[in-house]
Amino acid sequence: MAQNAAKRVLRIGGMSCASCAAAVEKALESVPGVGDAVVNFATEKAVVTYDPSKVSEEALERAVHDAGYDYLGVEDEGAGHTDDFQEKLRISRNRMIWAWALTLPVMAVMVPDMLFGAHLFSMKAMKWIMLIGSAPVVFIVGFPTLKTAWSSVRHRAPTMDVLISLGMLAALSTGVLVFFLPVGNYSAVAAMILAFHLTGRYIEAQARGRASSAIRKLMDLEPEDAVLLVNGVETKVPLSSVKVGDLMLVRPGQRIPTDGRVVHGESSVDESMATGESMPVHKTVGSEVIGASINLDGVLQVEATRVGRDTFLAQVVKLVEEAQGTKVPIQAFADKVTRGFVPVVLVLSSLTFVVWLVSPPFLLGLLERAQTLLPWVNPGASPLTLAILASVSVLVIACPCALGLATPTALVVSSGMGAERGILIRSGEAIQTLRDVKAMVFDKTGTLTYGKPEVTDVINLGTLSEGEALRLTALAEQGSEHPLAQRLFAYAASRLGNVTGQVDEFRSTPGKGVEAVLDGGRRVVVGRPGFLQEKGISGESVQEAVTKVKDLALSGKTVILSAVDGQVALAVAFLDTLKPEAQKVLRALKEMGIEPVMLTGDNERTARAIAEEAGITRFVAELLPEDKVTAIRALQDEFGTVAMVGDGINDAPSLVQANVGIAIGTGTDIAIESSDVTVVRGELSSIVEAVRLSRATFRKIKQNLFWALFYNVVAIPLAVLGLLHPIIAESAMALSSVTVVTNANLLRREKIRFE
Ligand code: ADP
Ligand code: MG
């Protein structure tokens, strides 16, 4: 399953509440071959992981349908999103308006009657007016609610809509009962329940829309068409017909249509949509550009390198959507509560009904005392009236929605905020873990430093001429991808004119060095001193060389040795500069209670010099790639939760071992599987922002969960005791989920930016 798992984002319709999301989840997971399904009610999407050889799209569609919901197809990046959302919002608003338009006249008749005993009509006429006025609201405007409620009952996964529907129907039934029994007439209350319910839903939908607006905005950034240069002739084509290799012309002020490489021209480009960095980036021939970024001042000719789903933007959107489809671990508890919620409330409401029918004296006594405070309480009403009032209140006040929305909306807002700043958080779990991080491990090369070492010193240590030693060393390094090797080769090539010779054998040992047989028999070993010794170069001569270059290492330079035919021949020193923001960032992390630790394969002296410069007190040097994993494990024992910051290419095992792997500065390539967080901009300050974002998000989640729980724990007992009027209950219910979603949106006010 794991090897050939497919992941799809499905759009689901007809979910009215968090308990619906749970039902869809259950349905999808019961399809054989589906590994995992996560439904986010806030975005109305399901992320399904499944084995494509066993599961067809139709099977998924059927499962969703059979559960009583709408399958709206597989998510396609881009097109149609905004319209879709606006359309839904429009429908939601229309329903609300209709509900009020029909309810207000009934209220106009009922309220004066109730408050001032002003009978505008005869008692008999009143009964008919109330019933005829309210029934259409419940049965016509309320039809979709009744329908989904019924379908959820049929699928034995009753949702929120069942509670609202039963509440409405019970209240409406009093309008019929008044003709036969001594009971208060609450049929207008039925209409009001729906009107309030739909109002709450509308505000909530709006707020949910705001929550995911960041990602929608991102998708809308793509320009609609591109200007192609074909044989020097400009042609305007729709973006969808641009292919890899096409030559695009981009004028100042235009958005670059898709990812590409500059082949002609020079300009500054505003990439803030991708990286959050407001400073324009200078682009010349050979520079990579991101689709949808803005060309500011020059004319560029850009060769398209990625189109459609492969573009940077499409990948970001996909990543964020997948992240939004995951769960924050703390939500597990809320999920458990929501799953059992509706049945429990149904039972509770029935019990309330029965108990109030009996009207035990202590409850009546309570009402009498409450009467002075709560004007709507009427202990004089008939037992049946009291029973209906209390049980309807229980039905409509119980709100699994607030619980279900508490975490997902915060996650949606937070991942959108991250994406705007070039911080891509892969999962809800990463957000929760990042907030707990006690130690943060940094790889030295390429993370704390630029990873672009410059050759500063070449010291001839053997009997060969320096030029010859350099040529052989560079030739040996030719096949290595290590940054040191590549710099060394470039350096030698420019100094010697070119590097010629024949490579007969070549072997590279990651984290140590290379060995090669050159020019038909000359054996060359290049790397760290220990590696030379391993390869049989006399320990004494290596030690002697190390002593000679000690001062270089002490000043923070990385020194490698090269031996030719068993004799140490050359020492080359490189200087890799610390990123300028490193000190500030590390200080900020310490202030946040996070201990920075540096890991490196470089030697102890160099490491100490760099660590001191950066302000790091803890570092571990001379590590082989596999030792880094062990070092992280040791730190986990010591600190608990440990994050690892690396470049994501040769640090993959460490990123995986750490509780949170943060890959930094990988340009336009963000598909790094081993990281939990990817930072698009190669700047360390994004890490502080990521931690701040995770902490702020988690705070919001906790607040939301607390309020949602607190609300139900307090409100339901009040309703059971008959202290709430159904209308108050319904408004409180509507308000509770609106509050939770609005609070999640307030996350945007938090200060995340670090400078
Ligand atoms: P870091 O942890 O700083 O990224 P690496 O694990 O990549 O460092 O390498 C550790 C050390 O091994 C380097 O500092 C260098 O001394 C040596 N080394 C690794 N690969 C090579 C190579 N191709 N040529 C020379 N030295 C190398
Ligand atoms: Mg490295």
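First listed ligand is number 1; within each ligand, the first listed atom is number 1.
The backbone of Lys512, and not its side chain, has at least one atom closer than 4.0 Å to an atom of ligand 1 (non-hydrogen atoms only; backbone = N, CA, C, O). Residue Asp602 touches ligand 1 through backbone and side chain together, judged by heavy-atom distances below 4.0 Å. Contacts of Thr558 with ligand 1, taken as heavy-atom pairs under 4.0 Å, involve the side chain alone. Contacts between Ile560 and ligand 1 below 4.0 angstrom, taking non-hydrogen atoms only, involve the side chain exclusively.
When the heavy-atom distances from atom 2 (O) of ligand 1 to Pro510, Gly601, Ser562 are ranked, the shortest goes to Gly601.
Considering backbone and side-chain N/O of Lys444, none are found under 3.5 Å from N/O of ligand 1. Between Glu477 and ligand 1, at least one pair of N/O atoms sits closer than 3.5 Å. For ligand 1, the polar-atom distance check finds no N/O of Ala485 at less than 3.5 Å from any of the ligand's N/O atoms.
We find that Glu271 and Lys283 are joined by a salt bridge, their nearest charged nitrogen and carboxylate oxygen being less than 4.0 Å apart. Contact check on Arg522 versus Glu468 returns a salt bridge, with a Lys/Arg side-chain nitrogen under 4.0 Å from an Asp/Glu carboxylate oxygen.
Ligand-side atoms of ligand 1 in range of Val514: 23 (N), range being under 4.0 angstrom from any heavy atom. Near Ser480, meaning under 4.0 Å from any of its heavy atoms, are these atoms of ligand 1: 23 (N).
Asn295 and Ser267 share a donor-acceptor pair across their side chains, judged by distance under 3.5 Å alone. Inspection of the His482 and Glu477 side chains reveals no N or O donor paired with an N or O acceptor under 3.5 Å.
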For the pair Gln315 and Asp310, evaluate side-chain hydrogen bond (donor to acceptor under 3.5 Å, both in side chains) and give the outcome as yes or no after the intermediate values. CA-CA 6 Å; Gln315 284 185 64; Asp310 302 326; over 6 Å; no
Test Ser541 against Ser538 for side-chain hydrogen bond (donor to acceptor under 3.5 Å, both in side chains), laying out the working first. CA-CA 6 Å; Ser541 66; Ser538 111; 3.2 Å; yes
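Using a 4.5 Å cut-off on side-chain heavy atoms (C-beta onward), Ile610 and Leu578 make contact. A 4.5 Å side-chain heavy-atom check between Gln657 and Met644 finds every atom pair outside the cut-off.
Contact analysis leaves Glu622 out of contact with ligand 1, as no non-hydrogen atom separation drops below 4.0 angstrom. The closest approach between any non-hydrogen atom of Gly527 and ligand 1 is below 4.0 Å.
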